[in-house]
Engineer: 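Before I ask anything, here is the structure I am working with.
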Number of protein chains: 2
Amino acid sequence: MTATDRRAVPGNDPAGTAKNDTVAGVVRQWRAVHPDLDTGPMEIIGRINRCAALLQQAEDAPLRRAGLSRAEFDLLGALRRTGHELTPGELARETFSSGAAVTKRLKQLTERGLVERRGDTRDRRVAHVRLTDAGRDLVDGILPEQLAYETAALSGLDTPDRGHLAALLGDLLVQLEGRLVAPRG
Amino acid sequence: MTATDRRAVPGNDPAGTAKNDTVAGVVRQWRAVHPDLDTGPMEIIGRINRCAALLQQAEDAPLRRAGLSRAEFDLLGALRRTGHELTPGELARETFSSGAAVTKRLKQLTERGLVERRGDTRDRRVAHVRLTDAGRDLVDGILPEQLAYETAALSGLDTPDRGHLAALLGDLLVQLEGRLVAPRG
DNA sequence: AGCAGGTGTTTTACTAGTGAAACACCAGAG
DNA sequence: CTCTGGTGTTTCACTAGTAAAACACCTGCT
């Protein structure tokens with residue numbers, strides 16, 4: 001621990017990636033404590049997690065202004081982008097959340113007049129949920145603002161980098177979805 | 001809506017990124033409903049969020065086996081990797097969580113004998129938290145398994161792609177941290 | 001000394017989410 | 001018709017997190 005230099009240490013960075021973000025610091029600490037472990041995956045996964053956290057925080061601003069949580073907006077967005085009614089179960093799958101969570105959110109959104117439900121005529125277990133006009137208008141009003149925030153958040157990357165990043169994340173996501181979201185029979 | 005093709009539509013993909021992950025489908029839906037909006041940012045941010053969710057889910061497996069939540073492991077990990085005692089406030093900053101959350105977690109981890117606290121001698125408001133031997137052993141036992149899961153999750157990408165992805169995410173993260181984590185005085 | 005304002009931590013009251021069980025219903029077998 | 005097993009949805013009991021207030025203590029000013 002004598003005279004430790006806080007800056008990047010040459011020769012310690014095989015991938016040539018000498019960032020000075022928070023994740024780089026964390027990885028450096030782990031390497032110092034466990035020099036034997038391969039910390040490579042942390043550089044990707046740690047950054048993905050941290051980027052996700054920061055981006056969500058940034059995006060929450062326009063939503064809070066509209067009195068919506070991210071989860072509520074996701075639900076409304078699913079209805080808006082599919083363009084048709086969805087059942088609670090479909091909404092759960094579409095928004096990657098549990099059925100119980102969807103039930104709760106639908107209750108609130110219905111009370112606020114943003115969605116409406118009707119029972120299925122043939123199968124009385126299932127409900128069909130659709131946006132009200134107010135719900136549709138709300139989503140359409142928020143979306144451009146949301147995208148503007150996102151564009152601003154990404155403005156530090158130039159266009160080719162953005163394309164490249166999207167492509168690499170797409171590759172990764174295909175792998176993850178194939179592996180983790182068990183092959184549907 | 002007549003004869004809509006579910007596959008990628010040629011000419012609609014300026015970045016040349018014709019993925020078939022879930023995000024690509026979502027973006028396609030939005031484009032159909034709002035052809036005027038630039039959905040570019042979604043391709044990155046949507047994928048970051050989705051990757052983060054899937055990766056966390058995957059990583060939670062080894063943690064649950066050890067009876068820890070991700071948040072608890074983050075806290076223990078912060079103590080382990082810094083190598084010295086931390087105050088609750090420092091732990092909160094280090095793990096990006098609220099002070100109240102740290103208080104709660106410390107209470108549980110102390111009861112389980114994984115961390116210990118002692119009061120500061122000069123300033124009796126502050127506490128110093130350190131890992132017990134059991135805590136250190138637990139982290140050291142989990143970490144390799146955790147990294148193995150991470151390596152497996154990323155195994156779909158070849159080495160140069162991994163380096164490239166880490167670098168791009170690092171660039172993005174530097175931007176985001178500079179922008180969103182207000183310039184510290 | 002004594003008070004004012006600031007900081008580190010905990011408590012409080014509350015919210016959103018979870019898994020498991022409950023409920024309501026359908027569809028097929030006998 | 002009436003079971004039986006399965007599926008869509010909701011309820012229940014509980015957990016983890018949050019923001020704001022409370023608390024405990026320090027520091028500097030007078």
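Naming: A, B, ... by sequence-line order, numbering from 1 per chain.
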Engineer: Could you note down all residue pairs passing side-chain hydrogen bond (donor to acceptor under 3.5 Å, both in side chains) where residues 141-157 of chain A supplies at least one of them, sequence neighbours left out?
Structural biologist: A/Arg65-A/Glu145, A/Arg65-A/Tyr149, A/Ser155-B/Arg179

Engineer: Could you note down all residue pairs passing salt bridge (Lys or Arg N to Asp or Glu O under 4.0 Å) where residues 91-110 of chain B supplies at least one of them, sequence neighbours left out?
Structural biologist: B/Arg81-B/Glu94

Engineer: Using a strict heavy-atom distance below 4.0 Å, which residues from residues 113-127 of chain A are in contact with DNA chain C?
Structural biologist: A/Arg122, A/Asp123, A/Arg124, A/Arg125

Engineer: Just the endpoints, please: which first and last nucleotides of DNA chain D, 5' to 3', lie under 4.0 Å from a heavy atom of chain A?
Structural biologist: D/dG6 to D/dT11

Engineer: Suppose we screen for side-chain hydrogen bond (donor to acceptor under 3.5 Å, both in side chains). Which residues come up paired with B/Asp137, at least two apart in sequence or across chains?
Structural biologist: none

Engineer: Please name all residues satisfying salt bridge (Lys or Arg N to Asp or Glu O under 4.0 Å) with A/Asp123, sequence neighbours left out, ordered by chain then number.
Structural biologist: A/Arg125

Engineer: Could you tell me which residues satisfy side-chain hydrogen bond (donor to acceptor under 3.5 Å, both in side chains) with A/Ser69, sequence neighbours excluded, listed by chain and number?
Structural biologist: A/Glu72

Engineer: Looking at residues at least two apart in the chain, or sitting in another chain, which of them share a salt bridge (Lys or Arg N to Asp or Glu O under 4.0 Å) with B/Asp133?
Structural biologist: B/Arg136

Engineer: Do A/Thr22 and B/Glu177 have side-chain N/O donor and acceptor atoms under 3.5 Å apart?
Structural biologist: yes

Engineer: Can you pull the ring pair (Phe, Tyr, Trp, His ring centres under 6.0 Å) pairs that have at least one residue in residues 86-118 of chain B, sequence neighbours excluded?
Structural biologist: none

Engineer: Detail all sub-3.5 Å separations between protein N/O atoms and N/O atoms belonging to nucleotides 17-19 of chain C.
Structural biologist:
{"from": "C/dG17", "atom 1": "OP1", "to": "A/Arg105", "atom 2": "NH1", "distance (Å)": "2.9"}
{"from": "C/dG17", "atom 1": "OP2", "to": "A/Arg105", "atom 2": "NH1", "distance (Å)": "3.3"}
{"from": "C/dG17", "atom 1": "N7", "to": "A/Lys104", "atom 2": "NZ", "distance (Å)": "2.6"}
{"from": "C/dG17", "atom 1": "O6", "to": "A/Lys104", "atom 2": "NZ", "distance (Å)": "2.9"}
{"from": "C/dT18", "atom 1": "OP2", "to": "A/Ser98", "atom 2": "OG", "distance (Å)": "2.7"}

Engineer: Just to verify, what does B/Asp38 make a side-chain hydrogen bond (donor to acceptor under 3.5 Å, both in side chains) with, not counting sequence neighbours?
Structural biologist: none

Engineer: Just to verify, what does A/His164 make a side-chain hydrogen bond (donor to acceptor under 3.5 Å, both in side chains) with, not counting sequence neighbours?
Structural biologist: none

